[in-house]
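Structure first, then comments.
Each chain gets a letter, A, B and so on, in the order its sequence line appears, and its residues count up from 1.
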Amino acid sequence: MTDQPLLSVCDISFRYDITQDVYALSAISFDLNRGESLAVIGDNGSGKSTLARLLTGLLSPEKGAIYLDGVELNEGSKKMLRRQMGIVFQNPDNQFIATSVEDDVAFGLENLNIPYEQMRSRVDEALELVDMYEYRTKDPSQLSGGQKQRVALAGVLALKPELMIFDEAFVMLDPMSRRSILETLRRIQSELNVSIISITHDRDEIEFFDSLLVLNQGERVMRGKPAEVFKQMSSLKPPFAEQLRRDLVDAGMDLPDYYMSESELVDTLCK
Amino acid sequence: MKSLILGRYFPNDSIIHRLDARAKLVAALYFIGLLFFIDHGLGYLFVGLFTLGVMYLTKIRLSVFIKGVRPLIFLILFAAMMRVLFTGGGEVFVSWGPFTISSQGLWVGLFTFMRFILIIFISTVLTLSTKPVDLTDAINALLKPLRKLGVPVDDFALMLSISLRFIPNLLDETQRVMDAQRARGVIFGEGTIVEQMKKLVPIVLPLFASSLNRAEEMADVMDVKNYQSGEKRTHFRQLTWHTSDSIALLMMVGLTAVVIVVNYTMV
C-alpha cells in the first residue's frame, strides 16, 4: 500500500518506575491502516492498558515514537492529535462528566468551541447511532452500566474521530448488549472508515476485528489475522466458535482444520 | 439525610419551575435583601402573602416547606427571643434586670421571626423548583463579569456541577463500604460516641481512596477530550429568557415600591 498508515507505533518502550528494570511495554511496533480494526489481547499485566494510555498521550514512551497521520505524538502535538481520536475506558461511571446524557456527549464538542447548532445535530446523530436518543435527558443515576457505556461511545462518535480506542470498554456489559454494541461499531467502522483499537481480554470479542495483536508481559507476541494467530498459537485460548471447532475435530468430526468465525462454523455445520 | 429539604430539587411542572434559573436566583437574592428594609407589620403581611402565593404556584405541598423550616426552628425562636428581651421602647410589660418585654420588643421579635421564616421559604422555593445544574449555570452566568478580572468562573462552575453529579455516587459508595464493614461484623450506631466515631474511620478512608482514584480517571477523560482550563469553550446547555422571567423581575420592582410606600406612610 502506498498510502501511509493512520497510526504507526515505532519501537516504543515504557516503564512506570525508572529506577527498576521492569518494562510495562518493551519495543512494541505495529501499524494500523485507515478503516482497519485491531484487537489487542493479552492477560493481566501484559501492558495492554499502558498501550492505550501511550496512544492517547496520557503517558509518553521512554523510547520510540507514535505517529498519527504522519505526525509524531508529543506534548506539542498532543492537543491537535487528540481531535482525531477518542477513547472509552472501562468504568462507565468515572467517564460520565456532565449531569445528563446529552450534556455528557456534548462535553468534548464544547471543549472544541463548536457552535451550539452544530453541537445539537452532532449530539443527536451520535445518540441515534448508539440507540440512546430517547434517553438524552436522563441523568447518569437513571442508566444501567451498559447504557452509560453507550453514552461514552456516543461522546467519542460525536467528535468524529479517525481512531477510536476502547480500553476494556465492553467488559462490564452483558453478552447481549456487548454483541449489539460491537455490531454497531463494525457498522460505523465501515460506514465512516474509522480505525478501531480495542484492548480486551475477552476472546469472544475477537471475531469482530480485522486483526489481532497479542501481547505478553509487555512484549509483542504476534500480529495477524485471527485465523493466522489461532492457527499458529495453539496455546492461546481461542474464542468460543474456534474452541468448539477444535473440540469437534478432536471428537472425530470431519471439519476443515483452520480457524473459523462463528458464522463460518455455523455455515459449515449446516451443510 | 432524607429530612433535609433545603437544597433538594423537586421535579414538577409549574410556572415557577419553568422560570429561567437566572431570573429565579436574582429575584430570590433581591427578595432576601428587601426583607431587611421592611420595618412595618403591614409590609411583612404583604411580602408574607406574596411568598405564600409563590409557594402555592410551585404546586408543591405546604408540608414540604414546613419540613424545611423544622430543623432550624429552635435557632429562629432563640434569635427572636433575644430580640424581644433586649429591645426596649413603647409600653413596657415586664422588666427584670437587663431584660424587658415591651410592645416595641414584641414587634421586633415578630419581625425577626417572620424574616427568618420568609428567607427559608423563598430559598426553599428556589432550590425545590430549580435543578442544581441550572442553578450552577445561573451562578456561572451571573459571575461572568468577574471573568474580566481573571477569576476562573467557568472552572468554578464545572467543579460545582461535577460535585453535584457525584453526590449520588458517593452515597452509593458509602452504603457499599458500610455493607462491607457490616459483613465483617461491625455494628454501626452502638457504643459510646468515641467508639462510634472510631467506626467511621474505616468508612471514610476507603471513600477517600476511591474518590481520589475516580478523580484521576475523570481527569484523564477530560484531558483526552481536550478540556483546557481557561480556554474558550461553547456551552451546550442554553438558558433562555422568556417574558415571564422579565415579569418576575418586574414584580420584585413592584414589591420594592410597596415596601417603600408602606415604610414612609405608615409610621
| request: Check the pair A:S49, A:D167 against side-chain hydrogen bond (donor to acceptor under 3.5 Å, both in side chains), reporting the backbone distance first and the verdict last. | output: CA-CA 6 Å; A:S49 287; A:D167 184 5; 3.1 Å; yes
Heavy-atom proximity to chain B below 4.5 Å, by part of [X]:
{"X": "A:I97", "result": "both"}
{"X": "A:F107", "result": "both"}
{"X": "A:R53", "result": "side chain"}
{"X": "A:L112", "result": "side chain"}
{"X": "A:V123", "result": "side chain"}

Hey, which of [options] has the most heavy atom pairs under 4.5 Å with chain B?
{"options": "A:K79, A:R83, A:Q95", "result": "A:K79"}
{"options": "A:D103, A:L159, A:T56", "result": "A:D103"}
{"options": "A:P115, A:G57, A:A98, A:G86", "result": "A:A98"}
{"options": "A:N111, A:I87, A:V88", "result": "A:N111"}

| query | Would you call B:M55 and B:L52 a side-chain contact if the rule is heavy atoms closer than 4.5 Å? | reply |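 Yes, at least one pair of side-chain atoms sits under 4.5 Å.
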| message | Is it true that B:S210 and B:E173 share a donor-acceptor pair across their side chains at a distance under 3.5 Å? | response |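 A pair is found: one side chain offers a donor N or O, the other an acceptor, under 3.5 Å apart.
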| Any side-chain donor-acceptor pair under 3.5 Å between A:D43 and A:S46? | no
Would you call [X]-[Y] a salt bridge at under 4.0 Å N-O?
{"X": "A:E62", "Y": "A:R15", "value": "yes"}
{"X": "B:D134", "Y": "B:R22", "value": "no"}
{"X": "A:E75", "Y": "A:K78", "value": "yes"}

Measuring heavy-atom distances to chain A, does [X] have an atom under 4.5 Å in its side chain, in its backbone, in both, or in neither?
{"X": "B:E216", "result": "neither"}
{"X": "B:N226", "result": "both"}
{"X": "B:L164", "result": "neither"}

| query | Under 30°, 30 to 60°, or over 60°: which ring-plane class applies to A:F170 and A:F166, parallel, tilted or perpendicular? | reply | tilted
